[in-house]
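Only one structure is covered here, and it is reproduced in the block below.
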Amino acid sequence: MRELVKCAREYDLKIHVDGARIFNAAVACKVDVKELVQGVDSVQFCLTKGLGAPMGSLLVGSQEFISRAGKWRKMLGGGFRQIGIMTAAGIVALETMIDRLEEDHMRAKKLALGLNELPYLSVCVDEVETNIVIVEIIPELITMKEFLAKLAENGIKAKDIGPTKVRFVTHKEINEDDINFVIERLSPKNTALNSSYEI
Ligand SMILES: *Cc1c(COP(=O)(O)O)cnc(C)c1O
């Protein structure tokens with residue numbers, strides 16, 4: 001970030017940070033979020049996602065910038081007059097959700113390690129730094145359709161993000177037992193695999 005800021009300044013450019021998950025990034029990097037956005041002009045971040053509020057994103061910047069952004073929001077129909085009830089949830093998110101993100105990261109790591117042990121799945125465990133776990137199925141052993149059906153039948157919500165990839169995300173509502181449940185339910189003793197393929 002320091003290099004980017006320096007480079008942008010040299011060319012007289014502004015920097016906007018698309019920081020939807022910046023608090024997860026800050027916690028994973030063990031730095032204050034202020035340090036991650038030092039010297040930038042504007043930042044967007046989500047109160048939803050890791051911070052768990054029911055809705056809302058914030059745009060942060062200079063007063064002049066925010067006042068212009070407000071006009072654009074109005075032109076695009078994004079105004080919301082009765083937003084107080086949601087900003088209350090946003091304050092709870094900012095005050096109580098940031099320090100616990102580390103838990104989500106630890107659970108994601110545990111999930112990654114557990115799923116990587118299963119013969120029909122593969123996970124780059126080292127790449128799991130925050131609350132997102134990308135799991136690759138081994139299509140010779142299980143098809144995507146079968147895997148997604150297996151997840152659905154156990155009430156496990158995860159999203160296919162490619163022909164062989166499924167994304168799992170941990171958050172405040174996912175506890176230690178849930179992680180154990182997922183690993184247990186997906187173990188080969190509970191999952192029919194293509195038996196014609198030798199492991
Ligand atoms: C989710 C996301 C957004 C959009 O955030 P909203 O809260 O839907 O406005 C933008 N950028 C990135 C990288 C995101 O993950």
Side-chain angles (χ1 to χ4, degrees), residues 1-109 111-112 123-135 157-162 165-174:
M1 284 306 296
R2 275 189 211 112
E3 295 219 353
L4 280 173
V5 169
K6 190 161 160 272
C7 178
R9 291 298 162 245
E10 267 167 35
Y11 292 92
D12 206 18
L13 295 172
K14 291 209 150 99
I15 302 189
H16 172 71
V17 177
D18 181 353
R21 305 169 194 275
I22 198 158
F23 286 98
N24 289 89
V27 166
C29 297
K30 299 194 184 355
V31 298
D32 195 311
V33 73
K34 282 184 200 151
E35 201 174 324
L36 283 183
V37 299
Q38 192 83 51
V40 310
D41 298 284
S42 54
V43 182
Q44 176 270 357
F45 67 87
C46 291
L47 293 167
T48 59
K49 304 193 178 164
L51 297 185
M55 63 182 279
S57 274
L58 291 193
L59 182 64
V60 186
S62 70
Q63 222 158 48
E64 194 267 333
F65 171 79
I66 293 300
S67 133
R68 274 202 296 144
K71 287 193 189 108
W72 274 102
R73 182 182 62 187
K74 196 160 191 174
M75 280 194 271
L76 295 171
F80 203 142
R81 242 171 358 97
Q82 307 84 350
I83 199 65
I85 195 166
M86 279 303 138
T87 56
I91 291 168
V92 173
L94 286 172
E95 287 182 348
T96 67
M97 295 297 160
I98 296 167
D99 289 341
R100 57 157 306 287
L101 291 176
E102 184 66 33
E103 279 178 47
D104 296 342
H105 297 180
M106 283 176 342
R107 290 192 186 121
K109 196 70 144 181
L111 180 68
V123 186
C124 287
V125 177
D126 288 346
E127 283 179 10
V128 177
E129 294 178 290
T130 61
N131 64 332
I132 296 177
V133 181
I134 309 288
V135 171
K157 290 184 178 160
K159 185 172 170 50
D160 53 321
I161 55 163
K165 285 183 181 166
V166 177
R167 190 183 79 159
F168 290 74
V169 180
T170 57
H171 54 76
K172 181 170 184 296
E173 306 299 325
I174 304 291

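- The closest donor-acceptor contact from the side chain of Asp104 to the backbone of Asn131 lies at 3.5 Å or more, if one exists at all.
- Side-chain atoms of Gln82 and Phe80, non-hydrogen and from C-beta on, do get closer than 4.5 Å to each other.
- The 12-atom threshold is exceeded at CG of Leu76, counting heavy atoms of other residues, nucleotides or ligands nearer than 6.0 Å.
- No more than 12 heavy atoms of other residues, nucleotides or ligands sit less than 6.0 Å from atom CD of Glu129.
- Contact of the Val123 side chain with the Ile134 side chain is not registered, since no non-hydrogen atoms from C-beta on lie closer than 4.5 Å.
- Of all heavy-atom pairs spanning Ala69 and Leu59, the tightest one is CB-CD2, 3.5 Å.
- For the atom pair CG of Leu101 and CZ of Phe23, the computed distance is 9.0 Å after rounding to the nearest 0.5 Å.
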Legend entry - From CA spacing to verdict: side-chain contact (heavy atoms from CB on, under 4.5 Å), Leu94, Phe45: CA-CA 11 Å; Leu94 286 172; Phe45 67 87; 4.0 Å; yes
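- Sorted by first and then second residue, the side-chain hydrogen bond (donor to acceptor under 3.5 Å, both in side chains) pairs with a member in residues 43-60 read Gln44-Ser57; sequence neighbours excluded.
- Minimum heavy-atom separation, Ile15 to Leu4: CD1-O, 3.6 Å.
- Asp32 contributes a side-chain N or O that, together with a main-chain N or O of Lys34, makes up a donor-acceptor pair within less than 3.5 Å.
- A salt bridge links Arg2 with Glu35: at least one charged nitrogen is closer than 4.0 Å to a carboxylate oxygen.
- In terms of heavy-atom proximity, Pro54 sits nearest to Met86 at CG-SD, 4.0 Å.
- Summarising the geometry, atom SG belonging to Cys46 is positioned 8.5 Å from atom CG belonging to Leu51; distances are rounded to the nearest 0.5 Å.
- At least one side-chain heavy atom of Lys172 sits less than 4.5 Å from a side-chain heavy atom of Met97.
- Smallest separation of non-hydrogen atoms from Thr87 and Gly84: OG1-O, 2.8 Å.
- A pairwise comparison of heavy atoms in Ile174 and Thr170 identifies CG1-CA, 4.3 Å as the closest pair.
- With Lys109 contributing its side chain and Val125 its backbone, the two residues share a donor-acceptor pair below 3.5 Å.
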Legend entry - Val5/Gln38 under side-chain contact (heavy atoms from CB on, under 4.5 Å): CA gap, chis, key distance, verdict: CA-CA 8 Å; Val5 169; Gln38 192 83 51; over 6 Å; no
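- Pairs engaging residues 6-27 under the side-chain hydrogen bond (donor to acceptor under 3.5 Å, both in side chains) rule: Arg9-Asp41, His16-Ser42, Asn24-His105 [sequence neighbours left out].
- Contact detail for Ala108 and Thr130: the closest heavy-atom pair is CB-O, 3.3 Å.
- Put simply, the side chain of Leu58 reaches to within 4.5 Å of the side chain of Leu47, judged on heavy atoms.
- Proximity of Val166 to Ile161: side-chain heavy atoms (C-beta onward) are nowhere separated by under 4.5 Å.
- Side-chain contact between Leu111 and Phe168 is present, with heavy atoms from C-beta onward closer than 4.5 Å.
- Between the Ser62 side chain and the Phe65 main chain, a donor and an acceptor come within less than 3.5 Å of each other.
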